[in-house]
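Beneath this line is the structure, given in structure tokens, with notes to follow.
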Amino acid sequence: MEDLMEILQELHPEVDFETCTTLVDDKIIDSFDIVSIISEISEEFDVVIPAGEIVPENFNSAQALYELICRLDEED
């Protein structure tokens, strides 16, 4: 989770990723941010996020993203 938080903080240092649960819904992150996050996650965690997983529910919070990473890692 620490590595994910670093990725997110580098992208938007002004956001409290530990408590925010509406990153997509409140337009805190946009599609360009999501592309960057996916790229960074792929590099850092060696997981591929399939297109079907790129939904707001998976990107609305750091916790949801972390759970997605863990789930995809287990499927490998």
Side-chain angles (χ1 to χ4, degrees):
M1 183 74 155
E2 223 173 280
D3 293 334
L4 174 61
M5 293 304 276
E6 283 180 29
I7 291 168
L8 296 173
Q9 287 296 324
E10 284 178 19
L11 197 58
H12 284 286
E14 74 283 1
V15 176
D16 181 4
F17 288 102
E18 292 193 23
T19 61
C20 188
T21 59
T22 56
L23 295 172
V24 175
D25 293 344
D26 287 346
K27 297 176 178 42
I28 295 167
I29 62 172
D30 61 20
S31 57
F32 294 109
D33 293 331
I34 290 173
V35 170
S36 296
I37 292 167
I38 290 170
S39 175
E40 292 288 331
I41 286 173
S42 180
E43 259 183 56
E44 183 69 34
F45 297 97
D46 196 32
V47 296
V48 175
I49 299 178
E53 296 287 356
I54 304 171
V55 294
E57 296 82 33
N58 288 334
F59 289 84
N60 257 332
S61 69
Q63 184 62 40
L65 258 172
Y66 186 69
E67 289 170 8
L68 173 65
I69 293 166
C70 291
R71 186 165 37 88
L72 292 172
D73 191 43
E74 287 173 6
E75 291 174 6
D76 266 353

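Keep in mind that this is a model prediction, so the values were computed, not measured.
Ile41 pairs with exactly one of Val47, Leu68, Leu72 by the side chain to side chain contact (heavy atoms under 4.5 Å, CB included) rule, that one being Val47. Checked options Val15, Ile37, Ile34; the residue passing with Leu23 is Val15 (criterion: side chain to side chain contact (heavy atoms under 4.5 Å, CB included)).
Separating the CD atom in Glu6 from the CE atom in Met1 is a distance of 12.5 Å, to the nearest 0.5 Å. A distance of 3.5 Å separates CD1 of Ile28 from SG of Cys20, quoted to the nearest 0.5 Å. To the nearest 0.5 Å, atom CD of residue Glu57 and atom CD of residue Glu67 are 12.5 Å apart. Here the straight-line distance linking atom CD1 of Ile69 with atom CG of Asp46 works out to 12.0 Å at 0.5 Å rounding. Atoms CZ and NE2, from Phe17 and His12 in turn, are 6.0 Å apart once rounded to the nearest 0.5 Å. Atoms CG and CD, from Leu11 and Glu40 in turn, are 8.5 Å apart once rounded to the nearest 0.5 Å.
No donor-acceptor contact under 3.5 angstrom links the side chains of Ser36 and Asp33, judged on distance only.
Applying the salt bridge (Lys or Arg N to Asp or Glu O under 4.0 Å) test to Glu53 and every residue at least two apart in sequence or in another chain returns Arg71. Partners of Glu44 according to the side-chain contact (heavy atoms from CB on, under 4.5 Å) rule, which considers only residues two or more places apart in sequence or in another chain, are Asp3, Ile7.
Enclosure of atom CZ in Phe45 by more than 12 non-hydrogen atoms of other residues, nucleotides or ligands within 6.0 angstrom is indicated. Shown here is Glu2, whose CD atom has no more than 12 heavy atoms of other residues, nucleotides or ligands within 6.0 Å.
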| request: Start with the C-alpha gap between Leu65 and Asn60, add the side-chain angles, then the distance that decides, and say whether side chain to side chain contact (heavy atoms under 4.5 Å, CB included) holds. | output: CA-CA 8 Å; Leu65 258 172; Asn60 257 332; over 6 Å; no
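Using modelled atom types, no side-chain atom of Asn58 and backbone atom of Val55 make a donor-acceptor pair closer than 3.5 Å.
Identified under the salt bridge (charged side-chain N to carboxylate O under 4.0 Å, His left out) test for residues 17-29, with sequence neighbours left out: none.
Minimum heavy-atom separation, Phe59 to Ile29: O-CD1, 3.6 Å.
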